[in-house]
J.: 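What follows is a structure written as structure tokens; I'll ask about it next.
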Amino acid sequence: MPEHVSPLMWMGVAVPAALTAACLIGLARIRRAVRLETAHRPTLPRLPAVPHQSESGPHRESVELTPAERDAFVGLMRQLDEGH
């Protein structure tokens, strides 16, 4: 041990190093336990994300627009787009 380094300084290095090593060992054990726990978990059958949709919904309705109504709608869309 060098003469110019006090025992208190050595403890200032050794104690945090020991705590770091203990934390790493503890985290490794926890990680291993979680991995083993999830490995033994039974797998459930996967459900489809979106179920099959039936075609028995209401009929779609549509209305033909006059040229003036169509132009007004286009103008409204342009106004809304400018604000965006």
Side-chain angles (χ1 to χ4, degrees):
M1 183 160 77
E3 295 177 10
H4 65 281
V5 179
S6 70
L8 191 59
M9 289 176 76
W10 280 110
M11 283 180 37
V13 171
V15 171
L19 288 174
T20 302
C23 286
L24 289 175
I25 291 169
L27 288 174
R29 294 181 85 186
I30 290 171
R31 185 174 175 214
R32 189 178 320 125
V34 168
R35 190 174 7 155
L36 291 175
E37 181 182 310
T38 56
H40 295 298
R41 195 178 293 171
T43 58
L44 299 174
R46 293 189 181 259
L47 299 175
V50 178
H52 177 69
Q53 301 292 315
S54 65
E55 299 293 330
S56 63
H59 296 291
R60 293 187 180 195
E61 296 180 11
S62 63
V63 177
E64 289 294 323
L65 298 177
T66 64
E69 290 172 330
R70 197 173 301 121
D71 291 339
F73 182 74
V74 169
L76 177 63
M77 290 295 107
R78 284 188 184 139
Q79 276 183 338
L80 292 175
D81 191 39
E82 288 172 2
H84 201 310

J.: Which heavy-atom pair separates Glu64 from Glu69 by the least distance, and what is that distance?
T.: O-OE1, 4.4 Å

J.: Looking at Met77, I want to see if its CE is surrounded by more than 12 non-hydrogen atoms of other residues, nucleotides or ligands under 6.0 Å.
T.: yes

J.: Show the atom names and distances, to 0.1 Å, of all donor-acceptor pairs under 3.5 Å that link a side chain in residues 14-31 to residues at least two apart or in another chain.
T.:
from: Thr20; atom 1: OG1; to: Pro16; atom 2: O; distance (Å): 2.8

J.: In sequence, state the C-alpha distance, the side-chain angles, and the governing distance for Arg78 and Asp81, and then conclude on side chain to side chain contact (heavy atoms under 4.5 Å, CB included).
T.: CA-CA 5 Å; Arg78 284 188 184 139; Asp81 191 39; 5.6 Å; no

J.: Should the heavy atoms of other residues, nucleotides or ligands under 6.0 Å from CG of Leu8 be counted, would the total exceed 12?
T.: no

